[in-house]
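Quick caveat, the model's predicted, so the values are computed rather than measured. No hydrogens, no waters, no symmetry mates; every other heavy atom, side chains included, goes into these values. Convention: sequence-line order gives letters A, B, ...; per-chain numbering from 1.
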Protein chains: 2
Amino acid sequence: MDNMKLIGDLLHSHGLKKTPIRTEVLELFMDHDFALSASDIVAKMTAGHDRVTIYRALSSFEEHGILHRASEDGQGTKYALCGHKCPDEQHTDKHAHFVCDECHQTYCLEDVQVPEVEVSSEFTVERTSFVLGGICRQCQQ
Amino acid sequence: MDNMKLIGDLLHSHGLKKTPIRTEVLELFMDHDFALSASDIVAKMTAGHDRVTIYRALSSFEEHGILHRASEDGQGTKYALCGHKCPDEQHTDKHAHFVCDECHQTYCLEDVQVPEVEVSSEFTVERTSFVLGGICRQCQQ
DNA sequence: TATTTAAATGCAACTTAGTTGCAAATATAA
DNA sequence: TTATATTTGCAACTAAGTTGCATTTAAATA
Ligand SMILES: [Zn+2]
Ligand SMILES: [Zn+2]
Ligand SMILES: [Zn+2]
Ligand SMILES: [Zn+2]
């Protein structure tokens, strides 16, 4: 598990300082296969770090393409690394996401491409979000 | 413009009492071709009605299939009648929506069907939301 | 028309997500 | 080791949305 090395490189390659908080946040993302919100992270962080710092880390990671928005239901924005344990390129919004109505977890559906559609020339499309909702396997049994 | 008749029938057919506030809310939806949030409505309503009442009207209309959720960006949930001036059936989530990054207005793209996709059997899909973002014609000039 | 009652409204208070300004702390580079 | 830009913490704020409860009102019916 040399996530540490990975994280160091990732932060450095984006000109971001490697701080304990950022490191821990990225570790959390690598240790989960579902998306995390700011408050999820605050709850999972060891020490009692300030919410604001977490919000700023998430914004910064999003701006640098380290994280992408996976969903934004009323309970807050959830973020994810693009591929689970692949903190690399293509953190795009080109795949769909799934939100479970039961456990409220959000998953990246990396093998479900967001479809291309024809839209009236009245609109210039620059972003796309395709979010499916329902029940995940754990919540079904 | 016998929207009044339409609104009366609509409310009555759902067993909802016809009140001045609900009437005015539905008129607002009929008079706009973009989706409206609770605070949009509060701002456009004549008298100074309570926010809570508007939230409750919107929830009630959503439960009865009179309105559907068009988008929920960080700035709040926007609702729309299914067809502009067609307060009837099929207030489904089967069409896409467009959110303008400039004016922050949300439009129903009633001719853009939400695509059907194959999803891993790990997930049981019950809802779908397909939201496009970009710039609308007015904001492009 | 007058009475009754369930439904709708208003108000106050609360929760939660997210933001801003500023001072103090700290990661890195020289 | 020092200097500096970046990051963090704190306090305070905004905005969306919710809840409980008392009051009002639409509409059914007597
Ligand atoms: Zn679940
Ligand atoms: Zn994703
Ligand atoms: Zn626009
Ligand atoms: Zn719509």
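In this entry the distance linking CD1 of A/I54 with P of D/dG9 reads 8 Å, nearest Å. Distance, A/H104 NE2 to C/dA17 P: 13 Å, rounded to whole Å. The CG atom of B/D73 sits 13 Å away from the P atom of C/dT19 (whole-angstrom rounding). In this structure, NZ of B/K78 is placed 11 Å from P of D/dG17, rounded to the nearest angstrom. Summarising the geometry, the separation between CG on A/L11 and C1' on C/dT26 is reported as 15 Å, rounded to the nearest angstrom. Following rounding to the nearest Å, A/F61 (CZ) and D/dT7 (C1') show an atom-to-atom distance of 11 Å. Remark: P of D/dT7 and CG of A/L58 are 14 Å apart, rounded to the nearest angstrom.
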**Prompt:** Should B/K44 and B/D31 be marked as a salt bridge (charged side-chain N to carboxylate O under 4.0 Å, His left out) after you check the CA-CA gap, both sets of side-chain angles, and the distance that decides it?
**Reply:** CA-CA 11 Å; B/K44 288 173 194 291; B/D31 288 348; over 6 Å; no
**Item:** Test side-chain hydrogen bond (donor to acceptor under 3.5 Å, both in side chains) applied to A/E24 and A/T46, step by step
**Value:** CA-CA 9 Å; A/E24 200 175 346; A/T46 54; 3.1 Å; yes
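Set against C/dT28, C/dT19, D/dA26, the side chain of A/K18 has C/dT28 as its closest nucleotide.
Counting any heavy atom pair closer than 4.0 Å across all strands shown, A/S37 reaches no nucleic acid atom. B/S60 comes within 4.0 angstrom of no nucleic acid atom, judged by non-hydrogen atoms across all strands.
Outside the 6.0 Å centre-distance limit, the rings of B/H14 and B/H12 are not counted as a close aromatic pair. B/Y107 has its ring centre less than 6.0 Å from the ring centre of A/F123.
Look at B/S39 and you won't find any side-chain N or O under 4.0 angstrom from OP1 or OP2 of D/dA15.
A/Q75 and A/S37 are not linked by any side-chain donor-acceptor pair at a separation below 3.5 angstrom, with hydrogens and angles left out of the test. Judged purely by distance below 3.5 Å, without hydrogens or angles, the side chains of B/S121 and A/R137 pair a donor atom with an acceptor atom.
Clustering ILVMFWY residues whenever any of their side-chain heavy atoms sit less than 4.5 angstrom apart, transitively, puts A/I21 in the very cluster that holds A/L10.
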**Message:** Across nucleotides 9-15 of chain C, 5' to 3', mark each nucleotide with B, S or - according to how protein heavy atoms within less than 4.0 Å reach it.
**Reply:** BBBBB--
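For the pair A/Y55 and B/G15, nearest-nucleotide mapping onto DNA chain C gives the more 5' position to B/G15.
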